[in-house]
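Working notes, beginning with the structure itself.
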Amino acid sequence: MPVKRLTGSRIREKRLDQGLRQAAVAEAVGISPSYLNLIEHNRRRIGGKLLTNLARVLGVDPTMLTEGADSDLLDQMRSAAAALGGEAEIARTDEIAARYPGWSALIVAQARRIAALDEHILALTDRIAHDPQLANSLHEVISAVTSIRSSASILVTQEQLDADWQRRFHQNIHKDSLRLADSSEALIAYLEAPEATVEVAQSPFEQLENALALRDYFLAPLEEEPSDIAALAQELGLSGPAAQLFDVYAAQYQKDAAMLPLQAFTDACRATDYDPSQLARQFNADFPSVLRRLSSLPTGEGHPRMGLATCDVSGALTFIKPVPGFTYSRTNGACPLWPIFSALSRPTQPIRAEVSLPDASQTRFLCYAMAIPVGAHQFDVAPVLQSTMLVVADPAEGAGFAIPVGGSCRICPRSDCTSRREPAIIGVSAAPGL
């Protein structure tokens, strides 16, 4: 029975880990190097005797090749290592996940919880530091305590005090005590933690992206106007700031859908092999709209998996649709060598580039990017730029140069990168090659 799609990548990783040449392995199992190359790039499915022979040559159990961890799990484990630091064996992530899938899932779940708790702590810290209602409540408590202390001090230090003045000070202490009790109760009620769970992402951006991921980023109700955006936001479980972000996203989605109707766009995509430049010319559409539309095509209908990212002129990522290998945390910082960032220095210029990751398989992506001004133009004011990048997973084998990119600097093994911002949490080494 054929095994699943990532088997070829695992075969290549094991071969590179052992320093074996592709031609030598191919000869040992009785196939051509070109056929092994197709297998390693997941373009041929294998099973049976050939799989057993490859496992024997590589010195591993066949299940290590067929039941390895999913790429999404590996990405999340590496991100957890980058976020939490320590001395994690990044190079052995695949092996750990394959051997101990339950523990690997636990690591990812705990990393998510820690990230959610960190977000919760930041929100509470910001609330304590800047909330005017909290500041007023604390002022009331301090004021009442100061008044009680002042009155009590007079009663203690003044030996000759007539009965009328004593009665007045006692009344003042009683009133201030009641005021202190009321202020304290209000403060305690205000500081009580809300019942909302911290298991889910607290960032409005993450809430939006998580809701869209459940629909595979394809929103059928928005394909035709009119659409009830507020009702759809409620259906997706979005409220507050996340719902406001969805309003902007949905308006842009509807605009793209009207410019690039689904059926006509789908037919054109298959006819042009999903080439954004040809599609932009055919529909007389702007390049970023085509990139966004391509990323929203439903993969269940045979469209290739494509990721999407947008960033502002500061380089902050404002939207991420991940694909395996392209999954980044906003807190760790993305690699500045991705085309989405280089596009900011060349506004309105479309960019097409292949990139390669520093993993054992040298995973490649085909990227299309463009930065354009957004908002109204003004004299003597620099334009506000937004960069959009489409990431095509598993492109056809390219013969040209691939830009060496990475994820977070903390887990990137490239030792000669001039864009490194901080040392890796493990010793860096040159990226593996054939």
Side-chain angles (χ1 to χ4, degrees), residues 208-209 211-233 235-236 238 245-312 317-323 326 339-340 343 346-353 365-376 384-396:
L208 172 62
E209 291 162 6
L212 294 174
L214 295 176
R215 299 293 185 93
D216 197 22
Y217 296 84
F218 175 72
L219 302 176
L222 299 180
E223 292 294 331
E224 297 181 5
E225 295 190 56
S227 301
D228 191 341
I229 294 178
L232 182 56
E235 183 181 337
L236 292 172
L238 299 174
L245 289 175
F246 179 73
D247 289 344
V248 178
Y249 178 87
Q252 184 65 69
Y253 190 108
Q254 283 187 317
K255 182 180 178 181
D256 293 341
M259 185 188 310
L260 306 164
L262 181 60
Q263 189 57 56
F265 188 69
T266 296
D267 294 340
C269 285
R270 289 174 173 146
T272 61
D273 196 23
Y274 299 88
D275 186 303
S277 179
Q278 294 185 50
L279 293 168
R281 288 195 300 269
Q282 182 172 334
F283 288 90
N284 193 27
D286 63 279
F287 203 70
S289 293
V290 173
L291 301 185
R292 288 192 299 267
R293 193 65 169 145
L294 283 167
S295 73
S296 69
L297 293 175
T299 55
E301 297 183 8
H303 298 292
R305 300 185 68 178
M306 300 186 223
L308 187 79
T310 61
C311 75
D312 59 26
L317 293 170
T318 55
F319 182 83
I320 304 173
K321 178 197 173 186
V323 291
F326 179 68
I340 186 174
R346 291 182 282 172
T348 71
Q349 171 65 49
I351 294 175
R352 178 185 185 278
F365 294 105
L366 180 59
C367 300
Y368 300 94
M370 177 185 274
I372 61 171
V374 294
V384 178
L385 295 177
Q386 181 185 68
S387 184
T388 304
M389 179 177 70
L390 183 75
V391 179
V392 182
D394 196 25

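In this text the structure is predicted, and so the values were computed from the model without any measurement.
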Using modelled atom types and a 3.5 Å cut-off, is there a donor and acceptor pairing between side-chain atoms of E209 and backbone atoms of I320?
yes

Contacts satisfying ring pair (Phe, Tyr, Trp, His ring centres under 6.0 Å) that involve residues 286-306 (not counting sequence neighbours) are Y274-H303

To the nearest 0.5 Å, atom CD of Q282 lies from atom SG of C269 at 9.0 Å

Notebook entry, point to check: Taking C-beta and beyond as the side chain, do L366 and R352 meet within less than 4.5 Å on heavy atoms?
Noted result: yes

Would you indicate whether the side-chain heavy atoms of T388 and L390 approach each other to under 4.5 Å?
no

*asked:* Could you tell me if the side chain of T348 sits less than 4.5 Å from the side chain of P373, heavy atoms only?
replied: yes

Ignoring hydrogens and angles, state whether a donor on the side chain of R292 or S289 is under 3.5 Å from an acceptor on the partner side chain. yes

* Asked: Should L232 and L238 count as side-chain neighbours, where that means a heavy-atom distance under 4.5 Å?
  -> no

CD of Q254 to CE of M259, rounded to nearest 0.5 Å, is 13.0 Å

>> Counting C-beta onward and ignoring hydrogens, is there a side-chain heavy-atom pair between M370 and D286 closer than 4.5 Å?
In response: no

Exercise. Side chains of F365 and V323: closer than 4.5 Å at any heavy-atom pair?
Worked result: yes

Here the gap from L385 atom CG to D312 atom CG, rounded to the nearest 0.5 Å, amounts to 9.5 Å

Heavy atoms of P261 and R293 approach each other most closely as C-NH2, 4.1 Å

CD (Q386) and CD1 (I372) are apart, to the nearest 0.5 Å, by 7.0 Å

Taking every heavy atom of I351 against every heavy atom of A343, the minimum-distance pair comes out as CD1-CA, 3.5 Å

Check your understanding: Just wondering, are more than 12 heavy atoms of other shown residues or ligands nearer than 6.0 Å to CG in N284?
Key -> no

Could you check whether any side-chain N or O of D275 sits under 3.5 Å from a backbone N or O of S277, counting only pairs where one atom can act as donor and the other as acceptor? yes

Notebook entry, point to check: So, the side chain of K321 versus the backbone of Y217: is there a donor-acceptor pair under 3.5 Å, distance only?
Noted result: no

Tightest non-hydrogen contact, residues I340 and A309, listed as CD1-O, 3.5 Å

Do the side chains of F283 and V290 get nearer than 4.5 Å, heavy atoms only? no

In this structure, CG of L208 is separated from OG1 of T318 (nearest 0.5 Å) by 10.5 Å

Worksheet item: Are any non-hydrogen side-chain atoms of L294 and L279 less than 4.5 angstrom apart?
Response: yes

Closest non-hydrogen contact found for T272 with Q278 is CG2-OE1, 3.6 Å

Taken in chain and number order and not counting sequence neighbours, the residues that satisfy side-chain hydrogen bond (donor to acceptor under 3.5 Å, both in side chains) with E235 are R215

Would you mind writing out the side-chain donor-acceptor pairs for residues 245-253 within the sub-3.5 Å range, not counting sequence neighbours?
residue, atom, partner, partner atom, Å
Q252, NE2, D256, OD1, 3.1
Y253, OH, L219, N, 3.1
Y253, OH, E223, OE2, 2.7

Would you find a donor on one side and an acceptor on the other, under 3.5 Å apart, between the side chain of S387 and the backbone of C311? no

